[in-house]
Amino acid sequence: MTPKVIVVGSCMTDLVSVTPRLPKAGETIHGSKFFIGFGGKGANQCIQAARLGAKTAMVCKVGKDSFGNDYIGNFAKNLVSTDFVGQTTEAATGAASITVNTEGQNAIVIVAGANLLLDSEDLKRASAAISKAKVMVCQLEIRPEISLEALKMAHSSGVKTIFNPAPAIPHLDPEFFTHSDIFCCNESEAEILTAVPVNSPEDAGIAGALLLEKGCKLVIITLGGEGCVILSQSDPTPRHIPTNKVKAVDSTGAGDSFVGALAFYMAHYPHLCVEDMVKRSNYIASVSVQTAGTQTSYPRRADLPQGMF
Ligand SMILES: Nc1ncnc2c1ncn2[C@@H]1O[C@H](COP(=O)(O)OP(=O)(O)O)[C@@H](O)[C@H]1O
Ligand SMILES: *[C@@H]1O[C@H](CO)[C@@H](O)[C@H](O)[C@H]1NC(C)=O
């Protein structure tokens, strides 16, 4: 199987405790519920693309531990190729310890662990697959220089690149822009990168123009329940693409659902115009916010109106 979508990025195990309130320093409190979830932006995006029917491969690193083994099982269950998933004894699988109170406030500790050991050698092992793919997707939960190297490898082979600068860093290497066909971020990331406060589609157009100037071909700024704004080198007038109004239950991972869906459409429906791809990605992400959890809320092809395919 030749993967059409290759995601180079992170895997995290989410350890979630639900408590009546957040504990203070030194305090032990009892929670009402505990669950383990699969997360990490890279893996989330890859799983969403795979659930829509994309042929996908993940390039990442987990620990040689039970969470790492479980994560590999999760990829296999979702038909994601694990040919380029490495396991290391040098660090633990990335983990996010999350405490959420019943009002929805949270406190989170992330230990990136094995994610930070993904290196150039791992990329080289995947290079033949990368050069034959249609789309590469990268984020910033691994070492930024590895994301950039992956984008450059893809770009030099004519593979379309989607870069999601999350979590945002204020002084992003300018090469991230010139090697991104699509630069896709949310409101807060756009604000960190441009210093323009983004609270409306109009603001997103202003921030987006600044991002476009840095050399990417197309900018998408996602706006939660407002959908997103797109603008490109060939059509620099910002266009607001609204989404359907839904009752949001849990918007965790909505941005990753959106990016994964976009990668699927770019790889498997390249004849669609960007606006149509984005409308469909908005719709898929809006489905993901209507149920609890991250990957657990991502729809499969069979759950969606067949007109989307
Ligand atoms: N309340 C909502 N109603 C409908 N769609 C939503 C809602 N929240 C998010 N989405 C969809 O998910 C996409 C990404 O959401 P956003 O909140 O901008 O990203 P992030 O998860 O990075 O914060 C939006 O562009 C939209 O398509
Ligand atoms: C944007 O994404 C970041 C993760 O990179 C998240 O912490 C932040 O809350 C998101 N912002 C919005 C407005 O959704």
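Counting starts at 1 for both ligands and their atoms, following the listed order.
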Which is it for Asn282 and ligand 1 at heavy atoms under 4.0 Å: side chain, backbone, both or neither?
-> both

Any N or O on Gly224 sitting closer than 3.5 Å to an N or O of ligand 1?
-> yes

Any N or O of Gly227 closer than 3.5 Å to N or O of ligand 1 | yes

Atom 5 (O) of ligand 2: the protein heavy-atom neighbour that sits closest, reported with distance to 0.1 Å | Glu189 OE2, 2.5 Å

Lys/Arg cation over aromatic Phe309: Arg301, 6.0 Å, 45° cone | yes

Say whether, by atom type as modelled, one donor and one acceptor occur between the side chain of Ser180 and the main chain of Phe183 under 3.5 angstrom.
-> no

Residue portion contacting ligand 1 (non-hydrogen atoms closer than 4.0 Å) for Ala248 | side chain

Decide whether an N or O pair under 3.5 Å exists between Asn186 and ligand 2.
-> yes

Ligand 1 versus Leu223, non-hydrogen atoms closer than 4.0 Å: side chain, backbone, both, neither?
-> backbone

Return the residue, atom name and 0.1 Å-rounded distance of the protein heavy atom closest to atom 13 (C) of ligand 2.
-> Ser188 OG, 3.6 Å

Would you call the rings of Phe163 and Phe176 parallel, tilted or perpendicular if under 30° counts as parallel and over 60° as perpendicular?
-> parallel

Taking all atoms of both residues into account, what is the closest heavy-atom pair of Ala261 and Ile284, and its distance?
-> CB-CD1, 3.9 Å

Give yes if a backbone or side-chain nitrogen or oxygen of Gly253 is under 3.5 Å from a nitrogen or oxygen of ligand 1, and no if not.
-> no

Look only at interatomic distance and state if Asn186 has a nitrogen or oxygen under 3.5 Å from any nitrogen or oxygen of ligand 1.
-> yes

Step by step, work out the side-chain hydrogen bond (donor to acceptor under 3.5 Å, both in side chains) result for Ser10 and Asn115.
-> CA-CA 6 Å; Ser10 58; Asn115 290 299; 5.0 Å; no

